[in-house]
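Since this is a predicted model, take the numbers as computed values, not measurements.
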Amino acid sequence: MAVRTSKFRHIFGDRNVKSYNGIPISKNAHEQDFCAVNPKFVAVVAEQIGGGAFFVLKTDKIGSVDSSSSKISKHNGAVYDIRWSPFNDNLIASACDDGLIRLWNITDERGVEPNHSPVQTLSGHNKRVGGLRWHPSAENILASSSYDNTVKLWNVETGQQLASCEAFSNQITDIYFNEDGSLMGSTCKDKKIRIFDTHTGQVTVEGVGHDNMKVSRLVMLKDGNILTAGFSSMSSRCVRLYDPRNLSSVVTELDVDSATGSLFPYYDPDLNLVYIAGKGDANIKFFELDAGSVYYLNQYQSGDAQRGIGMMPKRGLDSSINEIARAYKLNVGKKLVNVIPLKVSRQSKTFAEDLYPDTASYVPALTAQQFIDGGNAPPVKASFKELVATRGTSKGFSAASPTITNGNSGSHELAALKAEIQTLKNTVNEQLNIIDDKDAKIEELESEKAKLGQQLKTAEQEIAELQKHGLDASPVSE
């Protein structure tokens with residue numbers, strides 16, 4: 001790959017990094033980051049036998065997992081994705097194998113009590129929920145993708161389902177809002193890129209994406225283009241740019257390498273940078289976007305493979321060391337979460353304004369109702385210094401009314417119980433199928449045993465007959 005001349009050419013990460021340790025990170029094969037970060041907390045999906053769980057760790061207490069770390073275990077199946085609200089550092093959503101989405105209110109002092117219930121539960125998918133995305137500018141609007149091949153939008157405050165896109169014929173691998181939240185892009189194992197209206201769920205543009213059925217992902221860029229990360233027809237990993245007005249052709253394609261792990265792109269719209277980490281890789285690669293092209297810059301390398309990474313939002317970075325990104329790298333084998341500051345070298349110790357332009361703030365541009373009424377708006381921006389000064393503020397969340405699902409009222413507790421019953425029924429059916437298979441195998445073995453017994457009996461008779469004839473034919477000795 002050609003090297004680009006850029007002020008970001010020499011991004012570097014520390015070799016000796018701090019780590020959270022003793023964390024049983026999930027070994028589930030599902031293709032998600034399994035890590036979500038904000039200025040207060042780091043959330044990590046955990047390995048757990050029976051149900052699912054994730055840890056919530058404090059960003060200012062790096063080290064061994066202790067009593068200040070909450071483990072949220074009240075899931076009826078494996079946890080597949082977790083996402084912090086962009087406007088509330090104390091609110092996190094979790095997606096689960098039982099088809100439910102749960103909202104959790106994390107307190108600054110005690111996290112979540114072991115017996116604490118979610119503050120909201122969203123029910124509407126009839127298979128596992130594989131991915132989540134928060135609306136970038138409207139408060140309490142969440143999108144979810146499921147193995148039932150649908151994407152749904154929710155008002156998490158009321159639990160109301162707002163829209164559903166059902167245009168998919170295979171597993172959805174990624175979803176991503178555009179800058180003002182009016183559109184959502186998606187990738188799918190049917191090799192297609194789709195863009196749909198977030199208010200109606202109707203597809204507006206559809207085209208062929210990566211020509212390989214392996215997982216691909218996408219980012220909706222602020223200039224309107226789409227960046228995808230996936231595999232070519234020759235199974236090499238690559239990054240592409242598409243113009244959504246014409247998805248039939250690729251604007252730019254850049255080969256990454258020939259490794260086999262899926263790629264996770266992380267977009268910085270303020271600096272036009274993309275960080276790409278591969279599942280199972282030991283490095284994070286840096287790219288710059290400019291005038292419809294993608295340029296390779298540099299990479300951070302380490303000795304340990306990563307399961308996934310979480311990226312700190314811009315408002316949580318440390319400008320005193322010219323930190324422009326911070327990655328939280330999951331190391332499953334060593335049960336570590338490595339904290340990797342990515343910095344730009346500068347001789348001056350003064351605040352580098354060019355590295356910290358105004359960025360997305362805690363203030364939503366729209367209320368949920370304004371979005372429901374058809375509103376769209378880009379994120380409200382604020383200065384980096386202003387956001388740093390206010391990032392310790394605690395903000396609670398409570399559901400506004402009983403959960404509303406597909407227009408029918410009912411409590412989220414009832415929805416959770418129904419889902420738990422269905423999960424148990426599915427488990428019972430799976431076990432019955434296993435028993436049926438074993439019974440059939442036993443019958444097959446018993447039949448084979450009977451056949452072998454008959455063959456043995458026949459063989460013994462033949463041997464006896466041969467011995468008899470052998471004795472009769474022996475010469476008589478004198």
Side-chain angles (χ1 to χ4, degrees), residues 1-2 4 6-8 86 131 133-137 143 145 151 165 167 172-188 190-199 202-212 215-233 236-256 262-278 285-297 311 314 324-325 357-360 365 376-379 381:
M1 289 180 285
R4 174 175 169 81
S6 168
K7 65 182 176 182
F8 302 114
R133 289 283 182 187
W134 288 96
H135 193 289
S137 58
S145 64
V151 175
C165 181
I172 302 158
T173 57
D174 202 10
I175 52 175
Y176 205 98
F177 283 99
N178 70 341
E179 187 181 32
D180 68 3
S182 61
L183 298 172
M184 171 161 272
S186 63
T187 52
C188 181
D190 63 9
K191 307 179 187 179
K192 290 185 179 180
I193 299 171
R194 294 176 178 87
I195 301 172
F196 60 91
D197 188 303
T198 55
H199 298 281
Q202 297 300 308
V203 173
T204 59
V205 182
E206 180 178 303
V208 177
H210 288 262
D211 19 32
N212 190 301
V215 170
S216 61
R217 293 184 176 81
L218 84 166
V219 173
M220 303 283 279
L221 304 177
K222 67 179 182 180
D223 64 3
N225 287 332
I226 300 171
L227 180 140
T228 63
F231 294 81
S232 70
S233 58
S236 62
R237 300 196 297 189
C238 62
V239 175
R240 292 177 177 176
L241 279 184
Y242 290 88
D243 184 338
R245 296 169 297 184
N246 180 19
L247 291 177
S248 62
S249 62
V250 179
V251 175
T252 300
E253 179 171 331
L254 184 66
D255 285 335
V256 176
S262 59
L263 296 173
F264 294 88
Y266 302 90
Y267 176 46
D268 180 347
D270 303 324
L271 301 179
N272 275 329
L273 298 177
V274 177
Y275 305 89
I276 293 184
K285 295 184 177 182
F286 320 135
F287 298 83
E288 188 171 17
L289 304 170
D290 185 34
S293 295
V294 184
Y295 299 94
Y296 171 73
L297 294 173
M311 294 294 282
K314 190 65 66 71
I324 63 169
D358 289 355
T359 190
N376 301 305
K381 294 192 174 185

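Checked by atom type and distance alone, the side chain of S145 never pairs as donor or acceptor with a backbone atom of D174 at under 3.5 Å. Here the side chain of R194 pairs a donor or acceptor atom with the backbone of A167 at under 3.5 angstrom. Counting only distance, with no hydrogens or angles, the side chain of R217 and the backbone of L263 share a donor-acceptor pair below 3.5 Å. The closest donor-acceptor contact from the side chain of S137 to the backbone of A377 lies under 3.5 Å. Judged by distance alone, with hydrogens and angles left aside, the side-chain atoms of T198 form no donor-acceptor pair with the main-chain N or O of M184 at under 3.5 Å. Using a distance-only test at 3.5 Å, with no hydrogens or angles considered, a donor-acceptor pair links the side chain of T204 to the main chain of I195.
Counting heavy atoms from C-beta on, the side chains of M220 and I226 come closer than 4.5 Å. No side-chain heavy atom of L273 sits under 4.5 Å from any side-chain heavy atom of Y267. Put simply, the side chain of N376 reaches to within 4.5 Å of the side chain of H199, judged on heavy atoms. Side chains of P265 and V274 form a contact here, defined as non-hydrogen atoms less than 4.5 Å apart.
Within the cation-pi definition used here (under 6.0 Å to the ring centroid, within 45° of the axis), R133 does not qualify as a partner of Y176.
With rounding to the nearest 0.5 Å, the separation of CD1 in I276 from CZ in R237 is 9.0 Å. Note that CG of L289 is 9.0 Å distant from CG of N225, once rounded to the nearest 0.5 Å. Atom CG in N212 sits 8.0 Å away from atom OG in S233 (nearest 0.5 Å). Considering CG of N178 and CG of L183, their distance stands at 4.5 Å, rounded to 0.5 Å. Of the inter-residue distances, the one linking K222 atom NZ with D268 atom CG reads 8.5 Å to the nearest 0.5 angstrom. Taken from CD in E288 to OG in S293, the straight-line distance is 11.0 Å, to the nearest 0.5 Å.
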Full working for salt bridge (Lys or Arg N to Asp or Glu O under 4.0 Å) between D190 and K192:
CA-CA 6 Å; D190 63 9; K192 290 185 179 180; 5.6 Å; no
Chi angles and distances behind the side chain to side chain contact (heavy atoms under 4.5 Å, CB included) call for T252, Y242
CA-CA 7 Å; T252 300; Y242 290 88; over 6 Å; no
In sequence, state the C-alpha distance, the side-chain angles, and the governing distance for F177 and H135, and then conclude on side chain to side chain contact (heavy atoms under 4.5 Å, CB included).
CA-CA 7 Å; F177 283 99; H135 193 289; 3.8 Å; yes
Run L271 and K314 through side chain to side chain contact (heavy atoms under 4.5 Å, CB included) and show every step you take.
CA-CA 11 Å; L271 301 179; K314 190 65 66 71; 4.1 Å; yes
Does I172 form a side chain to side chain contact (heavy atoms under 4.5 Å, CB included) with V151? I'd like the steps, not just the answer.
CA-CA 8 Å; I172 302 158; V151 175; 3.7 Å; yes
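Each of F286, Y296, F287 was evaluated against Y275; a single residue qualifies, F286, per the ring pair (Phe, Tyr, Trp, His ring centres under 6.0 Å) test.
Between V215 and S262, the shortest heavy-atom distance links the atoms CB-CB, 4.2 Å. Here the closest non-hydrogen pair linking E253 and C238 is OE2-SG, 3.8 Å. Scanning all heavy atoms of the two residues, the minimum distance from M311 to A325 falls at CE-CB, 3.8 Å. When all heavy atoms are compared, the tightest approach of V251 to D243 is CG2-N, 3.6 Å. Of all heavy-atom pairs spanning P378 and D180, the tightest one is N-CB, 3.7 Å. Looking at every heavy atom in both residues, P244 comes nearest to V205 through O-CG1, 3.3 Å.
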